[in-house]
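Scroll down for the structure; my scribbles are underneath it.
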Amino acid sequence: MRNQPVIRVQQVSQRFNTASGEFLALDNVSFDIHQGETLSLIGHSGCGKSTLLNLIAGLTLPSSGGLLCNNREIAGPGPERAVVFQNHSLLPWLSTYENVALAVRQVFRGEMNKSEMHEWIMHNLELVQMAHAHNKRPGEISGGMKQRVGIARALAMKPEVLLMDEPFGALDALTRTHLQDAVMAIQQRLNTTIVLITHDVDEAVLLSDRVLMMTNGPAATVGEIMRVDLPRPRSRVALADDSHYQQCRQQVLQFLYEKQPKAA
Ligand SMILES: Nc1ncnc2c1ncn2[C@@H]1O[C@H](COP(=O)(O)OP(=O)(O)OP(=O)(O)O)[C@@H](O)[C@H]1O
């Protein structure tokens, strides 16, 4: 069963100063994320998903309220909370190996010797099936492959929590399918805690233990949290006919298009 929360988001509000005055993006958001769970954040464009993920990452600090990671206040970024962005953000002049190595050196300098680091880098590239391309630069590989390397780089930091901001958003449908399966397999193997932003209802249901649906902004907050009680490993083909899967899909669709329709 799920154990203690790794992340606690407690009464978090986020205001931004804009040219037209103060803008309240998030209003009084509270929820927990448990060890080993995959939690999706879904909501219409502009509702505040990235704002929330950035707060968990420690890239920004809340205007009020607080966030905890293992009961310690999140006051900035940390290697226990690795982020995978939509656009992989690899350094183009470095090989895939060197991109991962950079993160590994940052986190494990003094803890691992050179050969241990080498093995660890290759191990993580293997996890995402990219070891064969360790010498290639980002410009020489496909979008899906770059995204794999981005995931390897994040995993190589041995994070407790993997924060993914629409990691498959820029990929074609087939590549997206492969990467979703890869992330599910890695999660099963490592029991990583994952927070995933997505716009894709099927992706949210397939990958998640819980789906957090956000209300529309401004002053967005937690609308509903839905539990997805489907056994793992999950197969998208088998689930197509599963009644619980369909119910979950329906609940998210209803939330997005009936309870929180986006103004045109
Ligand atoms: N630095 C900022 N300054 C002012 N407003 C901001 C800032 N960052 C975000 N916002 C506003 O806060 C709201 C939430 O933005 P956010 O990017 O978190 O939404 P989102 O749900 O991730 O959107 P999308 O799905 O389109 O990526 C938006 O109205 C956005 O314009």
Side-chain angles (χ1 to χ4, degrees), residues 7-31 33 38-67 69 74-77 81-89 143 146-147 150-151 154 161-173 176 179-180 183 194-208 210-226 249 251-264:
I7 301 285
R8 308 201 83 161
V9 179
Q10 298 179 317
Q11 295 164 345
V12 161
S13 295
Q14 184 69 298
R15 292 183 175 76
F16 294 114
N17 290 319
T18 69
S20 49
E22 198 174 72
F23 178 79
L24 179 62
L26 297 176
D27 185 24
N28 200 18
V29 174
S30 298
F31 63 95
I33 304 166
T38 300
L39 176 86
S40 287
L41 305 179
I42 198 164
H44 290 291
S45 182
C47 72
K49 301 179 291 295
S50 297
T51 301
L52 188 50
L53 199 84
N54 288 342
L55 287 165
I56 299 171
L59 297 170
T60 47
L61 297 176
S63 311
S64 62
L67 295 100
C69 179
I74 296 177
R81 286 165 283 122
V83 189
V84 178
F85 295 101
Q86 179 171 9
N87 291 317
H88 65 77
S89 64
K146 284 191 270 242
Q147 210 54 2
I151 294 169
V161 187
L162 198 55
L163 303 170
M164 306 180 96
D165 194 344
E166 283 191 72
F168 318 122
L171 305 174
D172 66 88
R176 174 191 285 238
L179 265 190
Q180 288 167 343
V183 167
I194 298 179
V195 185
L196 170 83
I197 293 183
T198 181
H199 282 111
D200 179 335
V201 176
D202 285 299
E203 180 171 287
V205 177
L206 178 68
L207 267 66
S208 307
R210 287 188 302 153
V211 178
L212 188 157
M213 296 167 244
M214 291 179 68
T215 62
N216 293 335
T221 192
V222 178
E224 293 178 21
I225 298 183
M226 178 188 75
R249 269 190 99 242
Q251 189 176 335
V252 181
L253 289 170
Q254 263 166 4
F255 179 85
L256 290 175
Y257 301 109
E258 289 174 7
K259 296 183 183 170
Q260 289 287 317
K262 182 82 177 157

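Just so you know, these numbers come straight off a predicted model, no measurement behind them. First listed ligand is number 1; within each ligand, the first listed atom is number 1. Sequence positions, counted from 1, serve as the residue numbers for this chain.
Under 4.0 Å from ligand 1, not a single heavy atom of M214 appears. Only the side chain of T18 comes within contact range of ligand 1, with a heavy atom under 4.0 Å; no backbone atom does.
Set against the non-hydrogen atoms of H199, the atoms of ligand 1 under 4.0 Å away are 25 (O).
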* To do: Test side-chain contact (heavy atoms from CB on, under 4.5 Å) on C69 and I7 and set out the steps.
  => CA-CA 5 Å; C69 179; I7 301 285; 3.9 Å; yes
* To do: Check step by step if side-chain contact (heavy atoms from CB on, under 4.5 Å) holds for F31 and L39.
  => CA-CA 11 Å; F31 63 95; L39 176 86; 3.6 Å; yes
* Could you walk me through whether I33 and V161 pass the side-chain contact (heavy atoms from CB on, under 4.5 Å) check? -> CA-CA 9 Å; I33 304 166; V161 187; 5.6 Å; no
* Are L52 and I197 close enough, and set up right, to give a side-chain contact (heavy atoms from CB on, under 4.5 Å), and what steps lead you there? -> CA-CA 10 Å; L52 188 50; I197 293 183; over 6 Å; no
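Side-chain atoms of S40 do not come within 3.5 Å of backbone N or O of I42 as any donor-acceptor pair. Checked by atom type and distance alone, the side chain of S13 never pairs as donor or acceptor with a backbone atom of S64 at under 3.5 Å. In this structure a side-chain-to-backbone donor-acceptor pair under 3.5 Å is present from S63 to R15.
For atom 31 (O) of ligand 1, the nearest protein heavy atom is 4.0 Å or more away.
Residue A25 has no nitrogen or oxygen atom sitting less than 3.5 Å from a nitrogen or oxygen atom of ligand 1, judged on distance alone. Between G48 and ligand 1, at least one N/O pair is under 3.5 Å apart.
Proximity of G43 to ligand 1 is not established, as no heavy-atom distance is less than 4.0 Å.
Atom CG in L212 sits 10.5 Å away from atom CE in M226 (nearest 0.5 Å).
Scanning all protein heavy atoms for the shortest distance to atom 26 (O) of ligand 1 gives S45 OG, 2.6 Å. Among all non-hydrogen protein atoms, the one lying nearest atom 4 (C) of ligand 1 is F16 CB, 3.3 Å. Among protein heavy atoms, the minimum distance from atom 27 (O) of ligand 1 is reached at E166 OE2, 4.0 Å. When only non-hydrogen protein atoms are considered, atom 16 (P) of ligand 1 lies nearest to T51 OG1, 3.6 Å. For atom 12 (O) of ligand 1, the closest non-hydrogen atom of the protein is F23 CE2, 3.5 Å.
Remark: among candidates A220, G46, S50, the nearest residue to atom 13 (C) of ligand 1 is G46, based on non-hydrogen atoms.
By the 4.5 Å heavy-atom criterion applied to side chains, L59 and P77 are counted as neighbours.
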